[in-house]
Amino acid sequence: QAILAQGSLKPILLFGQMPVVVTVTSLAGQDFEFKLTPSDSVADLRKHVAEHWGVIPEQVELVSGTTVLPAADRALRYGRQFSALVRPRPDAKVLSGAADGELRFWDLNTGHCMRKVSTRRGRINCLAADLVHMKAIVGGEPHEITYWDLNTGKCLRSLKCLGDVLCLAADMGAMKVVAGL
């Protein structure tokens with residue numbers, strides 16, 4: 001899945017290294033602005049977009065018309081209109097849970113299971129994962145939500161529930177989870 005955003009470059013002053021305000025508007029209508037100097041490269045602009053959207057710079061492609069902008073070029077060389085495309089992570093990894101209570105970390109490029117974490121707690125019905133920080137929140141049987149460190153395979157926290165957890169959604173940064181029983 002890709003996210004496409006349209007934006008425009010709005011110069012304030014172009015004397016020497018004076019900043020230029022760059023605005024990017026997502027398809028959802030959200031804007032963000034940051035300052036760019038005339039000597040900043042396309043790679044610098046990619047870093048700003050990546051940081052704002054919470055992705056790695058390698059996922060961001062900047063496009064002017066039908067031209068993909070080379071990372072080494074100066075960003076302002078391409079005028080006032082641009083598009084930003086966010087691609088899926090190049091290191092395609094996914095975490096799955098199973099009826100046997102194991103979490104499995106997969107490499108989608110090769111199809112191989114790279115790591116297993118045995119929860120020893122019963123069936124896994126649902127999970128939410130932060131693969132950057134290698135943490136997962138798991139819901140399942142018997143009546144429990146657990147928080148895991150995928151690097152060490154250790155359960156960091158456990159919450160008992162009134163029934164088996166059938167679904168969940170999590171905000172990993174805020175350490176909040178909503179579960180359906």
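Index from 1, following the sequence.
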dist I124:CD1 -> L103:CG (nearest 0.5 Å) comes out at 4.0 Å
Strictly by salt bridge (Lys or Arg N to Asp or Glu O under 4.0 Å), give each pair with a member in residues 96-105 just once, sequence neighbours left out. D100-R104, E102-R104
Hey, can you pull the donor-acceptor pairs under 3.5 Å for the side chains in residues 150-163, sequence neighbours left out?
from, atom 1, to, atom 2, distance (Å)
T152, OG1, K154, N, 3.3
S158, OG, E144, OE2, 2.6
K160, NZ, E144, OE2, 3.4

How would you list all residue pairs meeting salt bridge (Lys or Arg N to Asp or Glu O under 4.0 Å) that involve residues 122-142, not counting sequence neighbours? K135-D149
Given the rule in the side-chain contact (heavy atoms from CB on, under 4.5 Å) test, do T37 and D40 qualify, once you have shown the distances and angles that lead to the verdict? CA-CA 5 Å; T37 66; D40 283 341; 3.1 Å; yes
Residues which pass side-chain contact (heavy atoms from CB on, under 4.5 Å) with A179, listed by chain and number, not counting sequence neighbours: I145, V165, L168
At their closest point, which heavy atom of N125 faces which heavy atom of G140, and how far apart are they? ND2-CA, 3.7 Å
P142: which residues meet the side-chain contact (heavy atoms from CB on, under 4.5 Å) condition with it, sequence neighbours left out? none
How about S96 and W106: does a side-chain donor come under 3.5 Å of a side-chain acceptor? yes
Determine whether V138 and V177 fall in the same hydrophobic cluster, where Ile, Leu, Val, Met, Phe, Trp and Tyr are linked whenever their side-chain heavy atoms lie under 4.5 Å apart. no
Does V178 sit in a hydrophobic cluster with other residues, and if so which ones, taking ILVMFWY side chains as linked at heavy-atom separations under 4.5 Å, directly or through other members? none
Distance, nearest 0.5 Å, that separates CG of L127 from CG of L95: 5.0 Å
Is the backbone N or O of F105 less than 3.5 Å from a side-chain atom of R115, with the two atoms forming a donor-acceptor pair by type? no
Name all pairs fulfilling the salt bridge (Lys or Arg N to Asp or Glu O under 4.0 Å) condition that reach into residues 168-181, sequence neighbours left out, sorted by first residue then second. none
Just jot down the side chain to side chain donor-acceptor pair (under 3.5 Å) partners of S41, sequence neighbours excluded, or say none. D44
Are L181 and Y147 connected into the same hydrophobic cluster when the rule is that any two of I, L, V, M, F, W, Y join if their side-chain heavy atoms are below 4.5 Å apart? yes
Atom CZ of R121 with >12 non-hydrogen neighbours under 6.0 angstrom: yes
Side chain to side chain donor-acceptor pair (under 3.5 Å) involving T67 - partner list, sequence neighbours excluded: none
Over all heavy atoms of both residues, which pair between A71 and R46 is shortest? Give the atoms and the distance, please. CB-NH1, 3.7 Å
